[in-house]
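Below, chain A is the first sequence line, B the second, and so on; all start at residue 1.
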Amino acid sequence: MSERIPEHRYTAALANEIEARWQERWEAEDTFASANPAGPWADPDDPRLGQGHRFIMDMFPYPSGTGLHVGHPLGFIATDVHARFARTTGMNVLHTMGFDAFGLPAEQYAVQTGQHPRVTTERNMEIYRAQLRRLGMGHEQRRSFATIDPGYYRWTQWIFTQIFESWYDVDAPARTGEGTGRARPIRELVAQFASGERDLDLHDDEGRPRTWADLSPVEQADVLDGYRLAYLSSAPVNWCPGLGTVLSNEEVTADGRSERGNFPVFKRNLSQWMMRITAYADRLTDDLDRLDWPEKVKLMQRNWIGRSVGATVRFDVPSASSGHDGTLPLHVFTTRPDTLFGATFMVVAPEHPSLAEIVPDAWPEGTDPRWTDGAPDPRTAVTAYQRMASTKSDVERQADAKTKTGVFTGAFATNPVDGRQVPVFVADYVLMGYGTGAIMAVPGQDQRDWDFAVAYGLPIIRTVQPTEGHPEDQAFTGEGPAVNSANDEVSLDGLGVAEAKERIIAWLVERGLGRETVTYRLRDWLFSRQRYWGEPFPVVWDEDGVAHTVPDEMLPVELPDVPDYSPRTYEPEDADSSPEAPLARATDWVEVELDLGDGRGVRRYRRETNTMPNWAGSCWYHLRYLDPANEDALVDPTVERYWIGPRPAPVAGAPAGATDPGGVDLYVGGVEHAVLHLLYSRFWHKVLFDLGYVSSEEPFRRLINQGMIEAYVYRDARGFPVPAAEVEEVPDPEGGAPTFTWQGEPVTQEYGKMGKSLKNVVTPDEMCEQYGADTFRVYEMSMGPLEQYRPWETRAVVGSMRFLQRLWRNVVDEETGELTVTDDPMDVETEKALHRTIAGVRADYEALRTNTAIAKMIELNNHLTKLPAAPRAAVEPLVQMVAPVAPHVAEELWSRLGHEGSLAWAPFPEADPQLLVEDTVTCVVQVRGKVRDRLEVAADVDEATLQELALASPKVQAIIDGAPVRKVIVRAPGLVNIVV
RNA sequence: GCCCCCGUAGCCCAACUGGCAGAGGCAGCCCACUUAAAAUGGGCACAGUGCGGGUUCGAGUCCCGUCGGGGGUACCA
C-alpha cells in the first residue's frame, strides 16, 4: 500500500521531517531575535532599529497540565503569522512567549497529583514549550520567562513596594500635563503632614489638633493606610471556604460563587491587603476611548467601573437618641436630582449606620398597618428586618428581587425642596455598598420605587411628563419636560432632564443641601490570598504591628520550600471558618531579624504570610519582555520608549484631539480577561507611568479577542457522549440534513466546548502527527476570521494538506524529487494573477485576515497547477507569501529553489501597480436594478460612451421594449443602470 | 429585565465607502489513474442572504420591527 505513494510526495511523514529540521535551524541561528536600542542587550547598530517596529503579544498561558486541545493555540498561531509577516516587511518585531505560572490552577493541579507545585509547573511548562515549538512558533526564546522565576518576581515585588510607598494626589498636576491627579511617593505626603502643610484632621480628647510628631508609629501607619495605593483594610471581603482563600470582587460571579471552582463565597470582616484601584476609576474609564480595543471589552470595563454622575442630597431626620433632640442629616445619592419633587419616601439599607439613631420608640400616630410588619414598635420591626436581611444569601436576595420587602423605621425625613415629611423605610433593595446606602424614592420615575410604593400604599407623583401612550401603571424613566416641580425659589417645570438637573443642583449647592457627586461601582482590589503558590509580599511586620516594605537589595523575598504547601480548605458552606495562610506554618521563614536600613538597626520582624493573587505577575509582563535580562531596572526607559512609547498618531477610531497612549502594538487573547487581567494591568501601568518609570500610559494599545474553537458532541440514546472521532455521518437521501451513527446506532449531534468528558477532544499533537504542523496552522487560520467562534472539523483538515501538497508538486517532482519549475517567463495572465495575489495577500496579512489571504494563495496555486510547468518567477513569490502561515514547508521549498538563507527576513514580494490594472473590464448593464447584459469595455471608458454602448445593447433593447428611458445611472467602468 | 455581537449553499466561510451574491475549503456527485484504494488529478452541481417592512435607480450591506443563536450584566439609586 504505502509503497505506491510517490517517494517525494509531501506527506505527513515528510512534513514532520522538514519541520523538525527547520525548527532546529531557527533555534540554532536565533532567527527570531529582535534588536534592542539600549539595556543589557543593546545593539544600537542593528539596521532594523531604524525601520519601524512592532511588539506583538499573546496572553500568556497557565501551564495547566490538563493538556492542550486544538483550540488553545489559535491565537498563538495568529500572532505568529502576523509577526512573521511583519518581519518580511522589514520591521523589528518583538514576539515571544512566557508563562503565568503562579496561582490557583497550578497549585490545585499540584495538590491533586501530590507533588510540589514547582515540580509540576516546571514539567508542564516543558511540555508546553515542546508543543509550541512543534507548531513552529517563531518566538524569541531568550526573552521567555515565567512569573515564578525569582528574577521576575523580584520585580513584581519591587512594583508592589512602589505602589505601597505611593498615594494618589488628586490635586497634583497630571504627568501628561493635562488635568490633575497622579500617584506620588508617600514620603511627600509624610513631609506635608510633618510640616503642617496638610491638615491631619485629628484631635485629642480636649479637642486640640494633633500633629504628626504626636502620633505613635502605629497611629502614623493607620493614617498612611488611608492614602497608600496598597494598604491594609479590615473591611468585609469575599471569603471562600471551599478554596481556603479570599477573593477579589472580580473573581466572584454574579450569583455569589467563586469563578474558579464555583464554591459559595461569604462576606467576612478580615484584615487584608487592598489596591486602591478606585483612585484610577476616572482614568481607567476615560482612557478606553484612546485604545483600539473591541467595543465589547471597552463596554464591559465601563460597566464594571460603573461611573455615574449625579448628586448627593441631604435630607434631615429627627434624632431619636435620648439626650439629643436635633436632627441628623441623611445623605442620598441620586442620578436624577431633577426628580426631587417626586420623592415621596426614603429607603435605607438594612446595614445603614444611621438606623440606630433615627428609629423612635413607638410608631407614630396613624401608622399604616402594612408598614409595621405586625411589630409592636419600630425597633422590633427594624431589628427583625435586619436579621432577616443578613441571613439572606446573595442568591436568595436576587431570587426575591421581584417582590419588594421592607419595613417603616418610624421616622420621617424632610424633603429639602418642599419641606414635605416623607416616611423612611428600611429595605434590602437598597445596598449599603453603593452610593450612600440610602435613597430618595421617586416612584414616578423609578420602577423599583414604583413597585415598593404600590406594595406599601405610598403616594406617587409624576414629575416628568410621560410620553403619549405610556402605561398608566408604570414608572416613566424616559426623557420629557418636568412637571409638578416648583417651590417658591426654583421651578424646573418645562425643563428637559439635563437642564432640570443643572438648575436643581445649583439651587441645592446654594442652599448647602447638596452637591454634584460621581460614584463608581468599582471597588478597591483585594490583593492578598491565603495560598502558598504565589509571590510573597515584600513586607515585614515589626513588633508594634507596623508593616514595612523590605529594601530593594533584599529582593526577591523568595518563596520558601515548605513540606506542606496545600491551603487549609473547609467545607464549602462553612461560612464561620477563617483563612489560614500556608506560609504561616513556615516559622523559620516567618520569624526574621533584619536591618531595614531605616536607621533602627537589626530588629525582629514577622514576614507577611499572605501571597499575591495570580493576576500580579500578568500585570506587567509586557514590560519585562522588552528587557528581560535587565537587573538594574524592570525595563530600561529607552527600551520602553522605543517599543511601546506613545506614537504621533492616535489609534483608529479615537475621538478628535485624543493622543496615543502607547502600549503593545497587538495583544491577542480570550475575552474572559476583559475585566480581570486587563483592568488590573492597566491600573499598574498607570501607576508606573505616574511615578515616571514608563513613558506609555496604557499597556495594550490594540487588543483582539480570538474566538474559541468549539466542537460537536455526539450522544447516544441514553444521553451519554460517544467518541466523536468514531461517529459516521449519514447523508440524507432526500438531500436534507445528514444524520449520525456510532457503531451503527443513531446518535444526536450538539455543539459545544471541547472537553474530556464530552469525548470530543482533538489535540495539536495528533494533528501534527497526522498532517504536520504547517497543515494544522493553515487549517486553523483558514477556518474564518480570528475573532469568530467556529466548530472544529477534523475531516476538513485534509483540504489544507492538499493545498500544501499541490504547492509542493508545483516545485518538486513527487517521483524523483527534482525541481519542476521552469525558468521561462510567465504568461501575462499568470503575471497579473500573481500581482493581484501579492497585493491582496499583503493587505490581508496586515489586517489579520489570514483566512482570505490563504484563499487567495490557494487560488493562485490552483492556477499554477493548471500550467504545464510552474514558472519560477511565480512560484518564488508564492512560497514567500505562504511562509508566514506554513513556515517550514516554505523554508524547505525556498532552499530547494536554490536560496541560502532563511525566509524569515526575506522581503515580502512587491506588487507592480501597473499589473494590477486591467485593460478591459466587464461592465454590468442593469435595467431597473436587474442584470440584463455584460459588456467588455476599456477600463478608461468615459461615461457618455458607456451609456451609449449600454443603450445600444440588443438584450437591453429587448427588455426596454420601446418604453421611455427615465434615468441612466453610470458608474464607469463597471456598471450602468437604466431606469424605465 | 437591560446592553452588546452574530444569522449568506448540507457545513466552515468570501463579497471594498450600497453596485454582477461566490474567493477558498469540507462534504456530495461524475470522470481519470489504480487489482483495489486515497491524504491523487480533473470536472459538476448546490443558496438569493432567518422573517416582515422601509429608504434607494439599485440593499447581504443602511433604517425600523420580529424570530433564532451566543455573550455580558443584573434591585448600582
Strictly under 3.5 Å: I want the nitrogen or oxygen pairs between protein and nucleotides 48-50 of chain B, one per line.
none

Give each protein N/O atom lying under 3.5 Å from an N/O atom of nucleotides 39-44 of chain B, with the pair distance.
| from | atom 1 | to | atom 2 | distance (Å) |
| --- | --- | --- | --- | --- |
| B:A39 | N1 | A:Ala12 | N | 3.3 |
| B:U40 | OP1 | A:Arg802 | NE | 2.3 |
| B:U40 | OP2 | A:Arg802 | NE | 3.3 |
| B:U40 | OP2 | A:Arg802 | NH2 | 3.3 |
| B:U40 | O3' | A:Arg809 | NH2 | 3.4 |
| B:G41 | OP1 | A:Arg809 | NH2 | 2.5 |

Pairs: protein N or O with nucleotides 68-72 of chain B N or O, under 3.5 Å:
| from | atom 1 | to | atom 2 | distance (Å) |
| --- | --- | --- | --- | --- |
| B:G71 | O2' | A:Lys296 | NZ | 2.9 |

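For A:Ile969, the listed nucleotide lying nearest its side chain is B:C57; candidates were B:C75, B:C57, B:A77. Proximity note for A:Leu975 (side chain, C-beta onward) versus B:G19, B:C75, B:A14: the nearest is B:G19. With B:C75, B:A77, B:C3 as the choices, the nucleotide that has an atom nearest any side-chain atom of A:Leu299 turns out to be B:C3.
Between A:Asp933 atom CG and B:C20 atom P there is a gap of 16 Å when expressed in whole angstrom units. One interatomic measurement links the two molecules: NZ of A:Lys856 to P of B:A15, which rounds to 8 Å at whole-angstrom precision. Atom-to-atom, NZ of A:Lys298 to C1' of B:U73 comes out at 20 Å; the value is rounded to the nearest Å. Between A:Phe315 atom CZ and B:A77 atom C1' there is a gap of 12 Å when expressed in whole angstrom units. Whole-Å rounding puts the A:Ile858 CD1 to B:A14 P distance at 14 Å. Atom pair A:Met781:CE and B:C26:C1' shows a separation of 18 Å (rounding to whole Å applied). Taking atom CD of A:Glu710 as the reference point, atom P of B:C12 lies 12 Å away to the nearest angstrom. The CZ atom of A:Arg790 sits 14 Å away from the C1' atom of B:C6 (whole-angstrom rounding).
Shown here is A:Glu846, whose CD atom has more than 12 heavy atoms of other residues, nucleotides or ligands within 6.0 Å.
In this structure B:G18 sits in the anti conformation; its chi angle is more than 90° from 0.
Using a 4.0 Å cut-off, no side-chain N or O of A:Thr519 falls inside it from OP1 or OP2 of B:A77. For B:C20, neither phosphate oxygen OP1 nor OP2 lies less than 4.0 angstrom from any side-chain nitrogen or oxygen of A:Gln926.
A:Arg9 forms no cation-pi arrangement with A:Trp808, by the criterion of a distance under 6.0 Å to the ring centre and an angle within 45° of the ring axis. Figure legend: cation-pi geometry between A:Lys404 and A:Phe452 absent, as NZ or CZ is not positioned both under 6.0 Å from the six-membered ring centre and within 45° of its axis.
Here the separation of B:C44 from B:G52, taken at their P atoms, is 33 Å to the nearest Å. Nucleotides B:A9 and B:G25 have their C1' atoms positioned 13 Å apart, rounded to a whole Å. For the C1' atom pair drawn from B:C46 and B:C13, the interatomic distance equals 16 Å after rounding to whole Å. When the C1' atom is compared between B:C2 and B:C12, the two are found 33 Å apart, to the nearest whole Å.
If you check the side chains of A:Tyr714 and A:Asn760, you find no donor sitting under 3.5 Å from an acceptor.
When each of A:Thr519, A:Asp282, A:Thr285 is checked for a side-chain hydrogen bond (donor to acceptor under 3.5 Å, both in side chains) with A:Arg307, only A:Asp282 meets the rule.
The residue A:Ser308 sits close only to the backbone: its heavy atoms come under 4.0 Å of sugar-phosphate atoms, none of a base. Among the protein residues, A:Val924 comes within range of the nucleic acid bases, having at least one heavy atom under 4.0 Å from a base atom. Nucleic acid contact class of A:Ala796 (heavy atoms, under 4.0 Å, all strands): sugar-phosphate only. A:Pro791 comes within 4.0 angstrom of the backbone, heavy atoms only, and of no base. Within 4.0 Å of A:Arg795, counting heavy atoms only, lie sugar-phosphate atoms of the nucleic acid but no base atom.
Sequence order on RNA chain B of the closest nucleotides to A:Tyr434 and A:Asn851 puts A:Asn851 first from the 5' end.
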